[in-house]
Amino acid sequence: MKWAHALLAATAVASCAQQVPDSRNLSAPLPDPLEARLRSVEHVLENAGFSGEYAVTKSGLGTATRSIGMADGAERPWPWASVTKQVVAVMVMQQVEAGQLGLDEPVARYIAEAEGNVASPTIRQLLQHRSGLRNSDDSEPDKDGVPSFYTDGPTGLSWCLQGRASPPEEGWRYNNCDYVLLGTVLERVGGQTLDDLFRNAIAEPAGLRGTRFLGADEMREIAAMSDDFTQQLPRYGAAGALVGPVSDIIRFDAALLDGTLLSERSRAVLWNGEPQLGYMALGQWVFEAPLGCDVPLQIVERRGNIGKYQVRNIILPQNGTMFALVTANGEFDFGEIWTGSGPMYDVLGVVACR
């Protein structure tokens, strides 16, 4: 997520609004205006060499899920990768609303193992990768050069807490261990497994249709699956182990935007992109950018990358647009929205503005 530093060139976060379509029903016939936009979207993506799936909803136009360059069609489970963090951040804010967590409380208040000789990071610092924890990407590489935290080495909470430093006074460093701890906090406070808490707090109210955390040694059909990936993905836990169809991503987006999952006040805290942190908010990045619309729009962006998989989830609160894409092409270049160029910028302009 070093890309986020460049967002310091973007302008301040816009206020959010608005009317939100019910994108949880993706079987409705597509109105002609949306169909026309989707043809333009697919033209852009095909010319850029994209293969995978996307789901989109646009206020007043409708919703759709489509496949590009995939023989088996749409609606298969995909790894959500770090879009999982965006979901976990919402689960944390739900517990803040319930009075069970405090964003600026030390994590040692909720996890005794986090006590020690150095200052405990706060919940907010974990959400924003400012914890001082050991970094899972720094674990000893396995025989294939992959950090062994994700494959055959020591992993989990105990590894993350060993040899940690105090939270830094400035800056941040992307670290999956931050969300591994948050997952444990949620389980301790909620009295449920992370997957049960997700089902009760997110999946059922949002109307998700097949998304859950992948457990250790669990066999599940996943798009473009490779054998070793089944063993690696569960080790990401709250940092990246959600698996489900791309249409569920925008169902989650819609439930977040329409107030089903969080109050407007809590959502404002969740989406407060901080300029000094590259417009990082809590579990996502929030900034303002032009898309060829009459005015710049607020962009809520969450990226995910694990191995060959890439995920993008975009919410445009001001006009009720939600757009999610998944691909098994790890080399595909989405471009940067804030630069005003690239496939991601172009397709958002088509959907949101033109």
Quick one: do E35 and R37 make a salt bridge, cutoff under 4.0 Å?
-> no
Using modelled atom types only, decide if a donor and an acceptor are shared between the side chain of R212 and the backbone of G244 within a distance under 3.5 Å.
-> no
Salt-bridge criterion met for D138 and R173 (N-O under 4.0 Å) = yes
Would you call D104 and R124 a salt bridge, taking side-chain N to carboxylate O under 4.0 Å as the test?
-> yes
Pairwise ring-ring contact (aromatic ring centres under 6.0 Å, His included) hits with a residue in residues 182-224, at least two apart = F198-F213
Are R66 and E42 within salt-bridge range, i.e. N to O under 4.0 Å?
-> yes
Are any of the side-chain heavy atoms of T65 and V246 separated by less than 4.5 Å?
-> yes
At their closest point, which heavy atom of P121 faces which heavy atom of P167, and how far apart are they?
-> CA-CG, 3.8 Å
Under 3.5 Å, side-chain donor or acceptor atoms of residues 175-186 against the rest of the protein: list the pairs with distances, not counting sequence neighbours.
| unit_1 | atom_1 | unit_2 | atom_2 | d |
| --- | --- | --- | --- | --- |
| N175 | OD1 | S136 | N | 3.4 |
| N175 | OD1 | C177 | N | 2.9 |
| N175 | ND2 | L133 | O | 3.4 |
| N175 | ND2 | R134 | O | 2.9 |
| N176 | OD1 | K85 | NZ | 2.6 |
| N176 | ND2 | Y150 | OH | 2.8 |
| D178 | OD1 | S131 | OG | 2.4 |
| D178 | OD2 | H129 | ND1 | 2.9 |
| Y179 | OH | L127 | O | 2.8 |
| T184 | OG1 | V180 | O | 3.3 |

Charged N to carboxylate O below 4.0 Å: is that the case for E170 and R130?
-> no
So, T84 side chain and A238 main chain: donor-acceptor pair closer than 3.5 Å or not?
-> no
So, the side chain of R164 versus the backbone of A119: is there a donor-acceptor pair under 3.5 Å, distance only?
-> yes
